K.L.:
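Starting off with a structure, shown below.
None of the values given here were measured: they were computed from a predicted structure. Protein chains get the first letters and strands the later ones, always in sequence-line order, with residue 1 at the start of each.
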Amino acid sequence: MLMCRDLAEIASDYIDGELNGRQNLSVKMHLMMCKDCRTFIGNLRASSNLLSAHSSGKADEEFLRRIDERVAEALSVRKNKCSDSE
Amino acid sequence: MNTAVQPESEASLIEDLKRGDSTAYRRAVREYSPGMLAVARFYLDHSSAEEIVQDCWVTVIDAVQKFEGRSGLKTWLHRIVANRCKNRLRTAKREVATDFSETLEPELANRFNSTGRWDLPPKLQFHDSADTLMENGALSDCLDKHLSTLPETQRSALMLYEAHQHKSDDVCNILDVSASNLRVLLHRARQKIFLMVETFQETGEC
Ligand SMILES: [Zn+2]
């Protein structure tokens with residue numbers, strides 16, 4: 001039988017849908033009977049969502065404009081170099 | 001509206017970038033910079049991350065000439081950013097190796113008794129949604145702090161998999177780890193974040 005510790009070991013695989021059918025079923029059975037593990041899985045999933053939210057990069061317009069400037073500068077340097085060598 | 005670059009238009013975008021077309025660069029900068037910034041943010045503070053992303057775009061002008069499109073533009077750009085960040089950190093930090101045979105963080109493993117049941121179960125439910133939690137500036141800072149202490153490969157795995165929904169195959173390629181080791185890296189890193197949020201919710205301290 002799957003114990004709480006065993007479940008904790010494969011919890012990420014469960015969340016990501018990486019378990020095979022039999023393993024998946026035994027996790028589901030355990031979760032039906034065990035409140036602590038339900039909390040654990042929920043919290044681990046929340047941690048994973050938190051990471052996605054935390055790192056979804058927001059780039060402001062000012063920052064993008066500065067990149068445009070540097071790219072434009074580098075492009076023109078490059079063009080001059082190319083025409084020099086021709 | 002879905003503005004993501006479609007495969008066929010990605011190919012033409014790459015051609016335009018190779019020709020040095022400035023309109024194409026403006027478009028690509030807007031499409032890919034947020035993701036690149038997010039990758040850099042996993043390694044560096046905000047201003048260093050912005051600096052790295054700017055530098056990367058300048059490198060891309062030459063590097064794109066040799067880009068063959070096998071990995072997809074996004075993956076390729078993220079790899080450039082990640083490598084640059086790692087190079088910057090390399091001098092500052094030594095990589096702590098992950099023990100791939102241990103799937104549980106010691107701090108979590110200690111919370112089970114000898115029969116494998118919870119001795120110290122999770123007390124609180126993280127009921128707030130991720131967005132609500134992120135509005136808490138102190139938690140966000142705490143997360144930054146913990147991410148910065150993760151072993152480099154765990155952090156990279158998290159960053160590529162969670163934040164950018166790269167496929168596992170992609171992540172394995174970028175990080176040069178096996179699929180099973182990637183699963184361990186991800187799980188270990190998530191547990192650390194779980195433990196961090198738990199402590200934060202219980203004590204209000206990082
Ligand atoms: Zn249980």
Side-chain angles (χ1 to χ4, degrees), chain A residues 1-19 30 33-82, chain B residues 20 22 25-26 29-30 33-42 50 53-55 57-58 60-62 103-104 108-109 112 115-118 121-131 133-134 139-140 143-144 147 158-159 162-165 168 183 186-187 189-191 193-194 196-198:
Chain A
M1 203 182 81
L2 194 75
M3 299 304 292
C4 301
R5 193 184 199 280
D6 306 326
L7 186 141
E9 286 185 355
I10 56 173
S12 280
D13 293 341
Y14 174 72
I15 289 174
D16 294 334
E18 296 274 343
L19 293 179
H30 183 106
M33 299 178 300
C34 180
K35 184 173 176 294
D36 290 339
C37 283
R38 282 203 297 277
T39 306
F40 176 70
I41 287 278
N43 288 1
L44 196 66
R45 191 179 270 132
S47 306
S48 155
N49 292 337
L50 188 61
L51 281 162
S52 313
H54 180 69
S55 54
S56 62
K58 286 184 210 78
D60 61 46
E61 194 48 42
E62 167 62 23
F63 169 61
L64 296 174
R65 226 177 32 72
R66 266 183 286 137
I67 299 176
D68 289 341
E69 276 169 18
R70 288 204 46 197
V71 167
E73 196 183 311
L75 282 173
S76 74
V77 169
R78 188 160 200 284
K79 276 211 185 83
N80 292 336
K81 245 194 267 167
C82 293
Chain B
S22 57
Y25 271 97
R26 286 179 57 87
V29 162
R30 268 145 198 82
S33 295
M36 291 162 75
L37 189 60
V39 171
R41 285 289 281 123
F42 261 89
E50 287 199 341
V53 173
Q54 288 191 33
D55 292 347
W57 277 110
V58 175
V60 162
I61 294 173
D62 281 322
T103 48
L104 288 184
L108 190 69
F112 298 95
T115 66
R117 285 200 169 81
W118 286 101
K123 278 173 285 221
L124 288 163
Q125 220 172 324
F126 305 169
H127 47 265
D128 292 331
S129 76
D131 288 339
L133 283 172
M134 287 318 299
L139 177 63
S140 181
L143 201 51
D144 266 343
L147 286 171
L158 266 186
M159 168 262 288
E162 303 267 29
H164 298 291
Q165 266 98 52
S168 299
R183 298 305 313 168
L186 275 173
H187 192 40
R190 272 186 196 155
Q191 289 170 68
I193 302 304
F194 159 84
M196 178 221 102
V197 179
E198 191 176 61

K.L.:
Please report the shortest heavy-atom distance between A:Phe63 and B:Gln54, naming the atom on each side.
P.N.:
CE1-CG, 4.0 Å
K.L.:
Of the non-hydrogen atoms in B:Phe194 and A:Ser47, which two are nearest, and what is the gap between them?
P.N.:
CA-OG, 3.3 Å
K.L.:
Do A:Asp16 and B:Arg183 sit within salt-bridge range, that is, some charged N less than 4.0 Å from a carboxylate O?
P.N.:
yes
K.L.:
Does the side chain of A:Arg78 come within less than 4.5 Å of B:Asp62's, by heavy atoms?
P.N.:
yes
K.L.:
Heavy-atom distances under 4.5 Å only: say whether B:Leu124 touches chain A with side chain, backbone, both or neither.
P.N.:
backbone
K.L.:
Grab the two heavy atoms, one from A:Ala8 and one from B:His187, that are nearest each other, plus how far apart they are.
P.N.:
O-NE2, 2.7 Å
K.L.:
Output the distance between atom CD1 (A:Ile67) and atom CG (B:Leu37), rounded to the nearest 0.5 Å.
P.N.:
8.0 Å
K.L.:
Heavy-atom distance under 4.5 Å to chain B: side chain of A:Glu18, backbone, both or neither?
P.N.:
side chain
K.L.:
Could you go through the side-chain contact (heavy atoms from CB on, under 4.5 Å) check for A:Arg5 and B:Leu104 one step at a time?
P.N.:
CA-CA 9 Å; A:Arg5 193 184 199 280; B:Leu104 288 184; 4.0 Å; yes
K.L.:
Using heavy-atom distances under 4.5 Å, tell me whether A:Asp6 contacts chain B through its side chain, its backbone, both, or neither.
P.N.:
neither
K.L.:
Measure distances from B:Val197 to the heavy atoms of chain A and classify the residue's part below 4.5 Å as side chain, backbone, both or neither.
P.N.:
side chain
K.L.:
What heavy-atom pair brings A:Glu9 and B:Thr103 nearest, and what distance separates the two atoms?
P.N.:
CG-OG1, 3.5 Å
K.L.:
Tell me which of these, A:Ala72, A:Ser48, A:Ala74, has more heavy-atom pairs under 4.5 Å with chain B than the rest.
P.N.:
A:Ser48
K.L.:
For a quick test of reading the model, state the closest non-hydrogen atom pair linking A:Asp68 to B:Arg26 and the distance between them.
P.N.:
OD2-NH1, 3.0 Å
K.L.:
Which pair of heavy atoms, one from A:Asn43 and one from B:Phe126, lies closest together, and at what distance?
P.N.:
OD1-N, 2.8 Å
K.L.:
How many angstroms lie between atom CG of A:Leu75 and atom OG of B:Ser22, to the nearest 0.5 angstrom?
P.N.:
7.0 Å
K.L.:
Looking at A:Arg65, I want to see if its CZ is surrounded by more than 12 non-hydrogen atoms of other residues, nucleotides or ligands under 6.0 Å.
P.N.:
yes
K.L.:
Looking at side-chain heavy atoms only, is the closest gap between A:Arg45 and B:Arg190 below 4.5 Å?
P.N.:
no
K.L.:
Does any donor atom in the side chain of A:Thr39 or B:Gln125 lie under 3.5 Å from an acceptor atom in the other side chain?
P.N.:
no
